[in-house]
Amino acid sequence: FGQSVHYEKVVDSTQRIIKDLHRNKAAHGTIAVCEQQTNGRGRLNRPWQTEMGQNIMFSTLVKPDISLQLAPQMTLVASIAVAKTVEAVTGEQVSIKWPNDIYLNGKKIAGILTEVQAEANCVEMMVIGIGMNVNESKQSIEENDLSEKATSLSIETNRTYNRRDVLQQLLITFENEYERWLSVGFASMKTEWEERAHLYQKRVTVKNVNREQVGTMVGITDEGVLKLQDENGDVHLV
Ligand code: BTN
């Protein structure tokens, strides 16, 4: 990933740029990266706001030859890559909150947004957007943070990071995990997700676009579907 890089200092959203580049026949692995977004978005259309020039924000154009049912696994694969990268650069253990948040010391450090375009039952392309708070200050996090408790790598570890180095490491790790996923399948990567599972064995509420489900988080299936257990011990797939 990142053989072709589209850089602009300020954009509305790198997700939009990748969709435009796709329309203009951009290649698999193209990335769009910026210093600041004026209309950055997260899951469920939540705003993603950050301080100018302090963080990592990019989107990748991915064109796997897979069926639509496998598409949600991509977010989990990207989560493993982000988690491993944060662990490598900080030396700290991180956790993954299903489906797309990365936590460090119990606070959100990064988020992933996956958008899929499919033709019939086949994935035509996916846009994987990753936002990671790197050198953002505590004050700015507090001003921008609208819902969840967020943090940055520098707040948690008391040092500043070279964003280019972190991004480079993230792209290499992401590509490795992606290739592994396509060659061996998600089932053999599942333990790497589960050993980092945030709120494992805890009672959780999962919000989707039109419903909420409550239960004890007991892991994910070989296909990457979340398992919630109810009071009777029955496991439901979310
Ligand atoms: C989430 O936490 O819900 C996902 C956040 C994803 C943010 C990234 S930043 C780069 C890319 N462009 C966007 O507009 N969103 C993603």
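Read the numbers this way: they start at 1 and go in the same order the structure lists the ligands and their atoms.
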Relative to ligand 1, is [X] under 4.0 angstrom through side chain, backbone, both or neither, heavy atoms considered?
{"X": "I130", "result": "backbone"}
{"X": "I112", "result": "backbone"}
{"X": "Q37", "result": "side chain"}

Centres of the Y178 and H28 rings: under 6.0 Å?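 Yes, they do, as the ring centres are separated by less than 6.0 Å.
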
Counting only heavy atoms, tell me which of G129, S59, S13 gets closest to atom 13 (C) of ligand 1.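 Residue with the shortest heavy-atom distance to the ligand atom: S13.
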
Salt-bridge criterion met for R163 and E35 (N-O under 4.0 Å):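 E35 and R163: salt-bridged.
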
Does a side-chain N-to-carboxylate-O contact under 4.0 Å join E177 and R180?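 A salt bridge is present here (some side-chain N lies under 4.0 Å from a carboxylate O).
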
Ligand 1 atoms in contact with [X] (distance to a heavy atom under 4.0 Å):
{"X": "R41", "answer": "6 (C), 7 (C), 13 (C), 14 (O), 15 (N), 16 (C)"}
{"X": "D101", "answer": "2 (O)"}
{"X": "G42", "answer": "1 (C), 3 (O), 4 (C), 5 (C)"}
{"X": "G40", "answer": "14 (O)"}
{"X": "W48", "answer": "2 (O), 5 (C), 7 (C), 9 (S)"}
{"X": "R43", "answer": "1 (C), 3 (O), 4 (C)"}
{"X": "T14", "answer": "10 (C), 11 (C), 12 (N)"}

Polar-atom distance check: N39 versus ligand 1, any N or O pair below 3.5 Å?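 Not met; the criterion fails.
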
Using a 3.5 Å cut-off on N or O atoms only, is K108 in polar contact with ligand 1?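 Indeed, backbone or side chain, K108 has an N or O that close.
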
Other residues, nucleotides, ligands: >12 heavy atoms within 6.0 Å of D165 CG: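 Enclosed: over 12 neighbouring heavy atoms sit under 6.0 Å from CG of D165.
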
Answer yes or no: are there more than 12 heavy-atom neighbours, outside Q69 itself, under 6.0 Å from its atom CD?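 Counting neighbours around CD of Q69, more than 12 heavy atoms of other residues, nucleotides or ligands fall under 6.0 Å, so yes.
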
Residues clustering with V10 (ILVMFWY side chains joined when closer than 4.5 Å, directly or via others):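 Answer for V10: M52.
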
Any chance the side chains of S140 and E136 put a donor and an acceptor closer than 3.5 Å?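 Short answer, yes.
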
For ligand 1, is R46 a contact, meaning one of its heavy atoms is under 4.0 Å away?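 No, R46 has no heavy atom closer than 4.0 Å to ligand 1.
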
With sequence neighbours excluded, tell me which residues meet side chain to side chain contact (heavy atoms under 4.5 Å, CB included) with T30.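 S4, I18, L21, A26, A27, L61.
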
Can you hop from F174 to V116 via hydrophobic side chains spaced under 4.5 Å?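 The answer is yes; both residues are in one hydrophobic cluster.
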
